[in-house]
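Each chain gets a letter, A, B and so on, in the order its sequence line appears, and its residues count up from 1.
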Amino acid sequence: MLKNIDLKVREGELVFVIGPSGSGKSTMLRCCNRLEEPTSGAIMIEGARITDIPRRDLDRMRLKVGMVFQGFHLYPHMSVLKNVMLAQVRALKRPKPEAEARALDMLDQVGLRHKAEAMPAELSGGQQQRVAIARALALDPRVMLFDEPTSALDPELVGSVLKVMKDLRRKGMTMLVVSHEMDFAREAADRVVFMDGGVVVEEGPPEQIFGAPKSERLRAFLSRVSHPAEAE
Amino acid sequence: MDTFIYTFFNLDIMAQALPLLLKGAVTTLQLCAVVIVAGLAGGLALALAALSRNAALHWSAVVFIDLFRALPPLVLLVFVYSGLPFAGLRLTPFMAVVIAFFLNNSAYFAEVFRAGINAVPKGQTEAARATGLSPAQTMGFVVLPQAVRNVLPDLLSNTVEVVKLTSVVSLSELLYSANMARSVTYNASPLVLAAGMYLIVLWPLVRVISRYQRGLAVT
């Protein structure tokens with residue numbers, strides 16, 4: 001499915017991955033915390049080859065790699081606060097009071113401290129996604145992976161999630177983002193990677209990718225997403 | 001009409017039979033408690049085994065579940081109580097009933113748990129694993145609580161079935177005691193009383209189940 005991917009993300013960088021659906025963007029992202037197993041090749045995070053980690057040690061690696069999903073996947077049977085505390089207490093072995101303080105802190109960061117006692121079903125999609133981001137951040141990850149974080153949201157709720165991601169970037173978080181938010185990519189990304197058919201076709205700073213695309217495939221893709229009606 | 005009331009709703013005879021029936025009811029409750037608790041625990045273990053990636057574990061659980069779901073519980077009971085002594089294993093009637101019904105019941109509970117676990121979206125597991133929770137923690141804290149909620153009405157239905165099933169075992173439980181009282185008094189009222197006692201226990205449960213199911217249909 002993926003071929004010859006050679007991608008480096010530097011510390012503190014926000015790298016955007018764009019491309020048509022089925023191009024392997026999400027698969028590549030999911031390989032970075034081994035939710036998907038690459039059949040060959042290597043992925044390294046801070047010098048450690050995560051592709052060589054035995055299955056039983058995966059959990060510790062995943063603490064360092066936060067992930068946000070298109071479908072939020074909050075635990076529906078727990079309050080927002082418990083959602084953000086669970087892995088802190090059970091996986092990171094943080095004492096409960098400390099985990100709670102940290103959870104409230106993270107919820108504050110995404111503007112949802114006042115919803116700590118709410119159940120996920122009582123929140124809007126945008127709020128749920130911000131809780132999911134807080135849940136990942138509470139574990140102090142070194143990298144954050146975003147898999148189409150705004151694709152399931154109503155248009156008016158997208159902004160609140162993008163704002164949280166912008167804040168994160170300002171704080172120096174290293175981020176790899178698969179998304180169709182081209183305006184956001186133009187504005188916030190350090191680098192944009194265009195994938196199609198399982199390979200990286202083109203990569204570069206946003207000005208170059210959007211302003212002066214070199215490959216025919218990228219030009220075709222960009223005109224399709226900027227004029228979606230014609231593509232139908 | 002008088003004869004009908006005399007035969008089926010004879011209060012004097014019911015009062016006479018009551019102490020015996022209450023003793024029977026206690027046995028019924030003890031039996032149910034053991035079979036249900038053991039069945040739930042065994043069913044959960046079987047369901048987890050059936051969902052395991054380990055082929056040996058998976059297949060032994062699947063065979064166990066299929067086998068004991070297909071065998072009628074009475075056949076199992078007769079085999080355990082009257083068949084096993086030929087192999088030198090003689091059990092008390094109570095133990096025989098517990099073992100036979102445990103085998104049957106854990107298989108049923110296993111199917112219910114398995115359906116509940118399978119109904120939890122895969123994204124829940126992925127999200128939990130992505131935050132560094134182990135497979136066991138993911139099952140225990142994230143998947144199982146949601147699974148149990150999904151199948152609560154089925155778990156309760158199965159529990160009602162167990163209580164009803166225990167009436168056929170001819171241990172000195174509720175129905176057996178009532179039948180004994182009937183043969184001593186030459187009057188059917190003890191049977192009606194026993195039926196009433198079953199109703200008192202089971203009717204509320206059945207109500208809860210159908211209310212719960214209607215609630216699910218609404219949401």
Under 4.5 Å from any heavy atom of chain B - which part of A/L74: backbone
Taking atom OH of A/Y75 and atom OG1 of B/T138, what is their separation to the nearest 0.5 Å? 7.0 Å
Are side-chain heavy atoms of A/M67 and B/E126 found at a separation under 4.5 Å? no
Would you say that more than 12 heavy atoms from the other residues, nucleotides or ligands in this model lie under 6.0 Å from the CG of A/D6, or not? no
Scanning both residues in full, the closest heavy-atom pair of A/D59 with B/G132 reads CB-O, 3.3 Å
So which heavy atom on B/L133 is nearest to which on A/A87, and how close? CD2-CA, 3.9 Å
Write down the atom of B/F141, the atom of A/M78, and the distance for their closest heavy-atom approach. O-CE, 3.4 Å
Kindly compute the distance separating CZ (A/R135) from OG1 (B/T131), expressed to the nearest 0.5 Å. 6.5 Å
When you measure from the side chain of A/H73 to the backbone of B/K122, do you find a donor-acceptor pair of N or O atoms at a distance under 3.5 Å? no
Heavy atoms of A/F69 and B/A127 approach each other most closely as CE1-CA, 3.6 Å
What part of B/Q137 is in contact with chain A, defined as an atom under 4.5 angstrom from a non-hydrogen atom: side chain, backbone, both or neither? side chain
What part of A/V68 gets closer than 4.5 Å to chain B, counting heavy atoms only: side chain, backbone, both or neither? neither
Please report the interatomic distance CZ(A/R90) to OG(B/S134), rounded to the nearest 0.5 Å. 10.5 Å
Contact origin within A/R34 toward chain B - heavy atom pairs under 4.5 Å: neither
Is B/V142 close to A/L86 at the side-chain level, that is, under 4.5 Å between some pair of heavy atoms? yes
Just to verify, what does A/D154 make a side chain to side chain contact (heavy atoms under 4.5 Å, CB included) with, not counting sequence neighbours? A/E156, A/L157
Would you indicate whether A/N4, at its atom CG, is surrounded by more than 12 heavy atoms from other residues, nucleotides or ligands within a distance under 6.0 Å? no
Look at atom CZ of B/F68 and say whether more than 12 heavy atoms of other residues, nucleotides or ligands are closer to it than 6.0 Å. yes
